Each structure stands twice: as C-alpha cells, then as structure tokens.
Amino acid sequence: KQGSELFNQNPSLGINFLQENGLLSKPLDINEIVKYLKDNPLLEKKVIGEYLSNRKNLHILEQYVK
C-alpha cells in the first residue's frame, strides 16, 4: 500500500521503494512493472498515464499496450 501511495505522489519514488523492499526487481523487469501498473487498483489512472507518457518510459508503454 505504501508503495502505491508513493507511486501516486511520484512514480519514480514509488518504484524505487518497491525495488528496495523486494517487490519489484532490480534492474526493473518491464513485464513486472506492466503487471504492477495494470493489476494494482490503488494506482491513480492519471498518474499511470503521466508515467507511461514520459519519453524515458517508452519501452514500458509499448509493452503496456501489447
């Protein structure tokens, strides 16, 4: 829950928190983050959209759409 709240405030901080607590792998696995974004009902859709629309996350967006 804390990771989701952090993600909603700042996606990078939320992902870092999840990685540090062993909930997401380091380095980040694209399929793992896509599953997290799609399956977590606590995440705000607007924040997910902003995260995916960031140019540095284009590879994640492509996998998310598939």
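All figures in this text were calculated on a predicted structure; none of them were measured in a lab.
Atom CZ of residue R55 and atom CG of residue L58 lie 7.5 Å apart, to the nearest 0.5 angstrom. Summarising the geometry, atom CD1 belonging to I48 is positioned 7.5 Å from atom CG belonging to N40; distances are rounded to the nearest 0.5 Å. Here K26 contributes atom NZ and I15 contributes atom CD1; the two are 12.5 Å apart, rounded to the nearest 0.5 Å. Atom CG of L43 is separated from atom CD of E5 by 10.5 Å, given to the nearest 0.5 angstrom. Note: I33 CD1 to H59 NE2 = 9.5 Å, rounded to the nearest 0.5 Å.
Taking D39 as the reference, K35 meet the side-chain hydrogen bond (donor to acceptor under 3.5 Å, both in side chains) condition, with sequence neighbours excluded. Legend: residues meeting salt bridge (Lys or Arg N to Asp or Glu O under 4.0 Å) with E44, ordered by chain and number and at least two apart, are absent.
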- Task: May I have the step-by-step check of side-chain contact (heavy atoms from CB on, under 4.5 Å) for S4 and Q9, ending in yes or no?
- Result: CA-CA 9 Å; S4 299; Q9 294 170 17; over 6 Å; no
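Taking each heavy atom of L18 and G3 in turn, the nearest pair found is CD2-CA, 4.0 Å. Residues I60 and I30 approach most closely at CA-CG2, 4.3 Å, considering heavy atoms. Across all non-hydrogen atoms, the minimal contact from G14 to L6 is CA-CB, 3.7 Å. Scanning all heavy atoms of the two residues, the minimum distance from P11 to V47 falls at CG-CG1, 3.7 Å. For Q19 against S25, the heavy-atom pair with the smallest separation is NE2-O, 2.9 Å.
At a threshold of 4.5 Å between side-chain heavy atoms, the hydrophobic network of Ile, Leu, Val, Met, Phe, Trp and Tyr places L42 and L37 in two separate groups.
Annotation: K38, atom NZ; neighbour count of heavy atoms from other residues, nucleotides and ligands within 6.0 Å is above 12.
E62 and K66 are not joined by a salt bridge, as no carboxylate oxygen comes within less than 4.0 angstrom of a charged side-chain nitrogen.
With a 4.5 Å cut-off on side-chain heavy atoms, N31 and V34 do not count as touching.
Listed by first and then second residue, the ring pair (Phe, Tyr, Trp, His ring centres under 6.0 Å) pairs that reach into residues 33-58 are F7-Y51, sequence neighbours excluded.
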